[in-house]
Structure formats: structure tokens, C-alpha cells
Amino acid sequence: MADTQIAEDQSSAETSTSKIVTLRIAKSNPEKDSVTKFESFQVSYERWTTVLDAILDVKKHLDHSVAVRYSCRQATCGSCGMKINGRPRLACFTKISELDSDVVTVEPMSNYPIVRDLVVDLEKMFDTHKEMKPFMVREDTEITPNSRELLQTPEQVEEYIQFANCIKCGLCNSACPTMATDSSFLGPQALAQAYRYVADSRDKGKNERLKIIDDSHGIWRCHFAGSCSQVCPKGVDPAMGIQMLRGYLLGFRK
Amino acid sequence: MKRNENKEGIKGMANPGRYGIERVSYWLMRITGLGLLAYFIGHIYETSSILSGKAAWDSMLELTQTTQGHIFLTLVIGMCVFHTANGIRLMFAHGGIGIGKPTRPDYPYLPHSMNMKNKLCIYASIGIAALAMMYGLSVLFGE
Ligand code: HEM
Ligand code: SF4
Ligand code: FES
């Protein structure tokens, strides 16, 4: 491409270990028009350089207009989800070296409205998440003076703790084949969180939540393609949670 | 105005290449389910021809006696076997059976629902569908 530019090498002495990759960034602004343009940049990277590092490198030295959202840079805040070489991933948690490719293409995640460039609007996912009642549902609380702590055995914690790892990055909803065609589907993120609370021994809201997800655009639209679990960066395994929930509704589980 | 949700659409739904064998099985299950449905409707049409007498029935049957007819029937055998075998796996999985159990996650976070048992069942479903098709071919063309 004609507008290919080379980033100035910032690293100090050990330049010999760095390699060059072509970073293609999808640029679009839906407020202006519906055109998506790919711009290519040559970026040098080390074994440990993440895709987010590379994008920020471009932003700092080559094109400051690139829109990208990030915060923690350590797979904790869930803001940097994007499509990297065709698959939803966290940019801060994906090393360029692990992609094993001379060209790295970054695009906004599918199945969300685009704000600009790599930034998508997660509002609807958060709303659906809230619909699942993501809190303990019970009469008493731990904080009223006369009640006791709500104790759990390590086994009881294991029932839900992996699902509590969710950082609401939205990668799962972006990979889901049902999400790709159905705007009303609750999606793996929300369903996995419904399971997280249903499986918690302190919670009493199981029936309420089962009623919410037992909907024509709810849990029955899952066909166990498993792509949510393939892309989840936190080991949540939404597909497992969804099948477990369906087990309750079908009477396989109590 | 409704915002453009940038949905991947049918293309994204169908593309079975990006997310491993489970996504391939999802795709095959859909295709074979719809294929069987189409076959089933065609089959009712075919067999109802008997109401128009023996001649109509015989001429309908001749359609399957051609090379194209044999290949079509072989595909139906394959679809049927894969759909049934994978369907049995899915009926268990959809009830939460055979998909592992929740644990304290440890890096590198291999999802337990995508376990070897399920993968093997998918490969086995494809395998016996292929075997059934080969057997079908040998019967249909070996007469
Ligand atoms: C014993 C045989 C069969 C078994 C065990 C079986 C099992 C299943 C299961 C478990 C599903 C749900 C898959 C999912 O959730 O993605 C399914 C879907 C489906 N089946 Fe069957 N099935 C059988 C025979 C048939 C036949 C004979 C037909 C056609 C007349 C058929 C047509 C369909 C269709 C159209 C779907 C929907 C596909 C989709 O939406 O992905 N099935 N089957
Ligand atoms: S389940 Fe995993 S992929 Fe989905 S939002 Fe939570 S952390 Fe992200
Ligand atoms: S920047 Fe926080 S998850 Fe990537």
C-alpha cells in the first residue's frame, strides 16, 4: 500500500531482536458514512509486544486519529476486545508473536454497533447482563447485625467461581453464531452470569432467573457451537453454564 | 433510528472455519437437519405418487435408479447418520451431561465443555457417516 509508513524504533540497545509486522487497522466513522477503510502500518515488535502495544505505537507516532479503548492493559477491565485476524480477542492479552503471521488485521468486534474504528458500543450487553439479576437474591443479608456470615465450603465456591471470572469484555457475544443473526438473543455473556448466581449456594433467585431466560429469544437459541468458550480470555466457559442452566429447565438437574 | 449493530449475519453464522471442530459440528447439524427436512418433504411427495396408480409410482422410483439418484441417496444416508449420531451427543450435552464440571480456573483456561469426549464423538459421528456412505455406495452401485 502506498501509505505504508515505518514507525521509528523506540527500543534501545537490543534492536536486533525486534521484527517488523504489518498492522492493518479498520477505520470507520458511522456518524459520517458507512465506509470502512483499512490502513496499513509497519510496526516493529518484540516477542512480548501485544497487539494493543502496537496499536498505541501507531497512535503515538503515525496516526493519532485511531480510536481504541483500553484501560488496564492486563486482561482485567474488558475494554479492549476487538477482532484480531478474524477472531475476537483482547488486544492487551494477545501477543503479536503468538499470531504467527506477518500481517495483523484489527477490526471492531462483530455484533455490536461501532462507535468509531476499533471501539464498539457494549451498552446492550450491559443491559442484558442486568436483566439476569447479577446479585444475591435473598431475604436476609450479611450486613444486618444479627445475621451470620453466609458460609460456603470450598466445593460450593467451585460451583460458580469460574463464572465469576467474567470481565464483560463481550468477546463471547461477538463469536456466537446465534448472536450473528438474532438481535434479541440474550447471548452467552448474560446466560453465563445467570448461571453464576443460580449455582451460588447463597442465592435464592434460581426460579426467577430461569423464568427470565426461558424465552423464545433466550436460552433455547443456543445450539452449543461452543465458540463463546473458545474465545473467552478468562476461562469462564459460557457454553458449559448455558447447558447446565438448560439442564435445570429440562429436568436433568435439580 | 435503529443503530447498525454490525451483525455478522448468515455468513458469520455459517463460516465453520474459525472456532474449532465444535463450530463445524454446529454447522453440519444445521445443514443436515435442513437437508433431512427437505428430503422428508420430497419423500412424502414421492411416496404419495402411489395414489396415482402403479405407473406413476414406478416412474417416480426410476428417478432414484440413476447415477444422480444414487449419489443423492448416498448423501441422504450420510446426513441421516451424522445428524442422528451427533444429535444423541447433543441431547446429552444440552441437558448438561458429559460437558465437564465447573472448577477453579487455572491458566491456560481450557474450557471443559470443549472436552475430548465431545470432540471424539463429533469425529466419530463424521466417521461413521462416511462409512455408512461408503457402504451405501457399494450397495447402490454394486448391484
Ligand atoms: C433419530 C434421529 C434424530 C435425532 C437424534 C435428532 C436430533 C436433533 C437435535 C438434538 C437437534 C438440535 C440441534 C441443535 O440444537 O443445534 C436437531 C435439530 C434438527 N433436526 Fe434432528 N434429529 C433426528 C432426526 C431428524 C430428522 C429425520 C429430521 C428431518 C425431517 C431432522 C431435522 C432437524 C432440523 C431441521 C433441525 C434444526 C437444525 C438447526 O436448527 O440447527 N432431524 N435434531
Ligand atoms: S464470558 Fe468471557 S468472553 Fe464473555 S464477556 Fe465474560 S470474560 Fe468476556
Ligand atoms: S485493556 Fe483492560 S482488558 Fe485489555
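Computation of the quantities below employed the complete heavy-atom set of this structure, encompassing side-chain atoms and omitting hydrogens, waters and symmetry-equivalent molecules. Numbered from 1 within each chain, the chains take letters A, B, ... in sequence-line order. In this text, all values refer to a predicted model and were calculated from it rather than measured experimentally.
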Measure Arg246(A) against the heavy atoms of chain B and call it side chain, backbone, both or neither at under 4.5 Å.
-> both
Decide yes or no for Phe252(A) and His94(B): does some side-chain heavy atom of the first lie under 4.5 Å from some side-chain heavy atom of the second?
-> no
Among residues 218-227 of chain A, which ones touch chain B with a heavy-atom distance under 4.5 Å?
-> Cys222(A), His223(A), Phe224(A), Ala225(A), Gly226(A), Ser227(A)
Residue Phe126(A) excluded, over 12 heavy atoms near CZ under 6.0 Å = yes
Determine yes or no for a side-chain-to-main-chain donor-acceptor pair under 3.5 angstrom, with Lys7(B) supplying the side chain and Met179(A) the backbone.
-> yes
Do you know which of Ala93(B), Ser25(B), Gly12(B) has the most heavy-atom pairs under 4.5 Å to chain A?
-> Ala93(B)
Under 4.5 Å between any side-chain heavy atoms of Arg104(B) and Gln162(A), yes or no?
-> no
Do any N or O atoms from the side chain of Asn4(B) and from the backbone of Pro113(A) form a donor-acceptor pair under 3.5 angstrom?
-> no
Heavy-atom nearest pair, Met244(A) first then Gly96(B), reads SD-O, 4.2 Å
Are Tyr19(B) and Pro88(A) close enough that some pair of their side-chain heavy atoms sits under 4.5 Å apart?
-> yes
Contact origin within Val157(A) toward chain B - heavy atom pairs under 4.5 Å | side chain
Heavy-atom distance under 4.5 Å to chain B: side chain of Val236(A), backbone, both or neither?
-> neither
Ile114(A) portion near chain B, given a 4.5 angstrom heavy-atom threshold = both
Okay, Asn118(B) and chain A: the region with an atom under 4.5 Å from a heavy atom over there is side chain
Ser34(A), part contacting chain B, at a heavy-atom distance under 4.5 Å = neither
Under 3.5 Å donor-acceptor, Arg18(B) side chain and Arg87(A) backbone | no
Under 4.5 Å from any heavy atom of chain B - which part of Asp121(A) | side chain
Closest heavy-atom contact between Leu250(A) and Gly95(B)?
-> CD1-CA, 4.4 Å
Count the heavy atoms belonging to other residues, nucleotides or ligands that lie under 6.0 Å from OH of Tyr45(B), then report whether that count exceeds 12.
-> no
Check: Ser113(B)/Asp237(A) side-chain N/O donor and acceptor closer than 3.5 Å | yes
Examine whether an atom of Leu110(B) lies under 4.5 Å from a heavy atom of chain A, and if so say whether it belongs to the side chain, the backbone or both; otherwise answer neither.
-> neither
CD/Glu158(A) to NZ/Lys101(B) distance, rounded to the nearest 0.5 angstrom?
-> 6.5 Å
Return the option, out of Met109(A), Lys234(A), Glu159(A), Glu155(A), with the maximum number of heavy-atom pairs under 4.5 Å with chain B.
-> Lys234(A)
What heavy-atom pair brings Tyr112(A) and Asn6(B) nearest, and what distance separates the two atoms?
-> O-CB, 3.2 Å
Taking NZ, NE, NH1 and NH2 as the nitrogens, is one of them in Lys124(A) or Glu5(B) under 4.0 Å from a carboxylate oxygen of the other?
-> yes
Would you indicate whether Phe92(B), at its atom CZ, is surrounded by more than 12 heavy atoms from other residues, nucleotides or ligands within a distance under 6.0 Å?
-> no
What part of Ala175(A) is in contact with chain B, defined as an atom under 4.5 angstrom from a non-hydrogen atom: side chain, backbone, both or neither?
-> both
For Ile21(B), is it the side chain, the backbone, both, or neither that has a heavy atom closer than 4.5 Å to a heavy atom of chain A?
-> neither
So what's closer than 4.5 Å to chain B heavy atoms on Tyr248(A): side chain, backbone, both or neither?
-> neither
Part of Pro233(A) within contact of chain B (heavy atom distance under 4.5 Å) = backbone
Verify side-chain contact (heavy atoms from CB on, under 4.5 Å) between Lys83(A) and Glu8(B), making sure each step is shown before the conclusion.
-> CA-CA 12 Å; Lys83(A) 213 154 54 172; Glu8(B) 262 198 306; 4.3 Å; yes
Among Gly9(B), Pro102(B), Pro16(B), single out the residue with the greatest number of heavy-atom pairs under 4.5 Å to chain A.
-> Pro102(B)
